[in-house]
There are 2 protein chains.
Amino acid sequence: MKKEKIAPICKVNIVDEEKVREARKNLSNKDQILEMAAIFKLLGEPTRLKTILSLIDNELCVCDLSAATDSSVSAVSHQLRLLRNARLVKYRKDGKMVYYSIDDEHINNVIQKIKEHTEE
Amino acid sequence: MKKEKIAPICKVNIVDEEKVREARKNLSNKDQILEMAAIFKLLGEPTRLKTILSLIDNELCVCDLSAATDSSVSAVSHQLRLLRNARLVKYRKDGKMVYYSIDDEHINNVIQKIKEHTEE
DNA sequence: CAAACACTTGCACACTTGTTCAAATATGCT
DNA sequence: AGCATATTTGAACAAGTGTGCAAGTGTTTG
């Protein structure tokens with residue numbers, strides 16, 4: 001008994017297997033995709049994005065970051081922790097002050113990865 | 001009566017006014033920052049990022065997008081609406097099928113804006 | 001040492017968001 | 001028309017998230 005011919009029908013299945021296979025190739029490295037998404041997510045929140053943009057020219061202490069971004073010190077500090085964990089920013093302590101700056105090395109790494117992912 | 005000299009004290013105020021002013025310059029265009037954040041936020045969710053990455057090579061119907069990204073048709077459709085609204089993707093109808101593809105023109109615009117913002 | 005200060009952190013809470021389910025819409029087929 | 005398929009949409013709900021508040025840490029200053 002032969003199979004029915006495959007019509008462009010979906011029904012829980014696939015219309016164009018070839019294209020789906022090709023699309024999946026861009027999704028093969030799951031960890032990398034999750035990492036990319038995590039980075040984008042961090043940049044997708046105004047307070048955090050403003051924080052990053054504020055640090056482009058100079059390092060700033062938390063206090064000045066708070067002033068620059070019009071956010072409370074607490075809010076900024078909370079967000080800085082997330083940025084720190086993702087290594088988007090680094091910090092240096094000087095007495096009771098903490099100066100944050102962009103972690104260029106790691107960010108360049110990330111950008112490089114994203115480029116590799118999308119440019120091939 | 002003279003003002004006290006400005007010591008490196010924060011207390012709701014600013015430590016280094018010059019650096020804060022400079023930082024604020026990068027934040028002057030508020031609308032643009034919000035738009036950037038919105039784009040990043042959209043890319044910061046795995047289902048949506050996978051959707052975008054799936055569309056890099058070919059247009060795909062919702063059904064195949066669902067297969068490629070391992071998400072339900074409904075979930076993908078919901079996310080596609082957001083991507084559509086932000087004009088990250090466009091679509092064309094063909095009978096009962098809807099084929100989505102990347103809205104290159106608009107995306108290139110966005111990338112250009114972001115570059116202008118961060119490279120100067 | 002005590003007080004002031006810069007910053008961090010845990011908790012609480014309002015708000016947002018992604019998914020599922022079911023129903024609705026739209027098109028194609030017989 | 002009636003049924004099947006492809007997609008969209010709305011409601012509901014759980015899970016996630018950003019912020020303020022208050023307490024905590026570590027450092028400087030008097």
Side-chain angles (χ1 to χ4, degrees), chain A residues 4-16 20 34 37-38 40-51 59-86 89-101, chain B residues 4-16 20 34 37-38 40-51 59-86 89-101:
Chain A
E4 298 288 317
K5 74 167 192 280
I6 299 165
I9 286 171
C10 183
K11 188 61 175 177
V12 171
N13 279 304
I14 291 173
V15 175
D16 187 331
V20 172
L34 292 181
F40 283 135
K41 185 175 218 164
L42 285 170
L43 298 177
E45 205 280 318
T47 304
R48 286 191 298 259
L49 182 57
K50 285 195 279 184
T51 301
E59 66 174 15
L60 287 174
C61 63
V62 177
C63 192
D64 284 357
L65 271 173
S66 161
T69 62
D70 279 322
S71 313
S72 73
V73 168
S74 178
V76 170
S77 185
H78 276 298
Q79 302 304 349
L80 282 170
R81 181 158 48 95
L82 301 180
L83 295 174
R84 236 161 45 211
N85 290 346
V89 301
K90 57 190 198 306
Y91 64 99
R92 102 185 145 77
K93 287 186 152 189
D94 182 12
K96 60 187 171 184
M97 317 282 285
V98 179
Y99 291 94
Y100 281 86
S101 56
Chain B
E4 297 289 317
K5 73 167 190 284
I6 299 163
I9 286 171
C10 182
K11 187 61 175 178
V12 171
N13 280 305
I14 291 173
V15 175
D16 187 330
V20 172
L34 292 180
F40 283 134
K41 185 175 218 162
L42 285 170
L43 299 177
E45 204 281 316
T47 304
R48 287 191 297 259
L49 182 56
K50 287 195 279 184
T51 301
E59 66 174 14
L60 288 174
C61 64
V62 178
C63 194
D64 285 356
L65 271 173
S66 161
T69 62
D70 279 322
S71 313
S72 74
V73 168
S74 179
V76 169
S77 185
H78 276 298
Q79 301 304 349
L80 282 169
R81 180 160 48 93
L82 301 180
L83 295 174
R84 237 160 47 211
N85 290 346
V89 301
K90 56 191 199 302
Y91 64 99
R92 103 188 143 77
K93 287 185 151 187
D94 182 12
K96 59 186 171 184
M97 316 281 284
V98 179
Y99 290 93
Y100 281 87
S101 57

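Letters A, B, ... mirror the listed sequences (proteins, then strands); counts begin at 1.
- Going from atom OH of A/Tyr91 over to atom P of D/dG26 covers 13 Å, rounded to whole Å.
- The residue among B/Tyr100 and A/Ser74 whose nearest nucleotide of DNA chain D lies closer to the 5′ end is B/Tyr100.
- For the pair B/His78 NE2 and C/dA24 P, the computed distance is 15 Å after rounding to whole Å.
- Atom CZ of B/Arg92 and atom C1' of D/dT7 are 15 Å apart (whole Å).
- We find that CD of B/Glu59 is positioned 12 Å from P of D/dT7, with the value rounded to whole Å.
- Rounded to an integer number of Å, the gap from CG of B/Leu80 to C1' of D/dT7 is 10 Å.
- Checking the phosphate oxygens (OP1, OP2) of D/dT9, a side-chain nitrogen or oxygen of B/Arg84 falls inside 4.0 Å.
- Protein atom CG of A/Leu43 is 16 Å distant from nucleotide atom C1' of D/dG18, rounded to whole Å.
- Between C/dT9, D/dT19, D/dT8, one nucleotide has an atom nearer to the side chain of A/Arg81 than all others, and that is C/dT9.
- Applying the side-chain hydrogen bond (donor to acceptor under 3.5 Å, both in side chains) test between A/Tyr100 and each of A/Arg92, A/Glu59, A/Arg84 identifies A/Arg84 as the sole match.
- With A/Ser77 contributing its side chain and A/Val73 its backbone, the two residues share no donor-acceptor pair below 3.5 Å.
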Are there any protein N/O atoms within less than 3.5 Å of an N/O atom in nucleotides 26-30 of chain C, and if so, which ones and at what distance?
none

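- Summarising the geometry, atom CG belonging to B/Leu82 is positioned 11.0 Å from atom OG1 belonging to B/Thr47; distances are rounded to the nearest 0.5 Å.
- The neighbour count for B/Tyr99 OH, taken as heavy atoms of other residues, nucleotides or ligands under 6.0 Å away, is above 12.
- Between B/Phe40 and A/Phe40, the ring planes lie parallel to each other; the angle is under 30°, not in the 30° to 60° tilted range.
- As rounded to whole Å, 12 Å separates atom P of D/dT8 from atom CG of B/Asn85.
- Spacing between atom OH of B/Tyr99 and atom P of D/dT7 amounts to 8 Å, rounded to whole angstrom units.
- No engagement by B/Ser71 is indicated, since no non-hydrogen atom pair under 4.0 Å with the nucleic acid exists.
- No side-chain donor-acceptor contact under 3.5 Å links A/Ser71 to the backbone of A/Ser66.
- Here the side chain of B/Arg48 pairs no donor or acceptor atom with the backbone of B/Gln79 at under 3.5 angstrom.
- In this structure, A/Ser77 reaches the bases: a heavy-atom distance under 4.0 Å links it to at least one base atom across the strands shown.
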Check nucleotides 13-18 of chain C for protein N or O atoms closer than 3.5 Å to its own N or O atoms and list the pairs.
from   : atom 1 : to      : atom 2 : distance (Å)
C/dT17 : OP1    : B/Lys41 : NZ     : 3.1
C/dG18 : OP1    : B/Arg48 : NH1    : 3.2
C/dG18 : OP1    : B/Arg48 : NH2    : 2.9
C/dG18 : OP2    : B/Arg48 : NH1    : 3.2

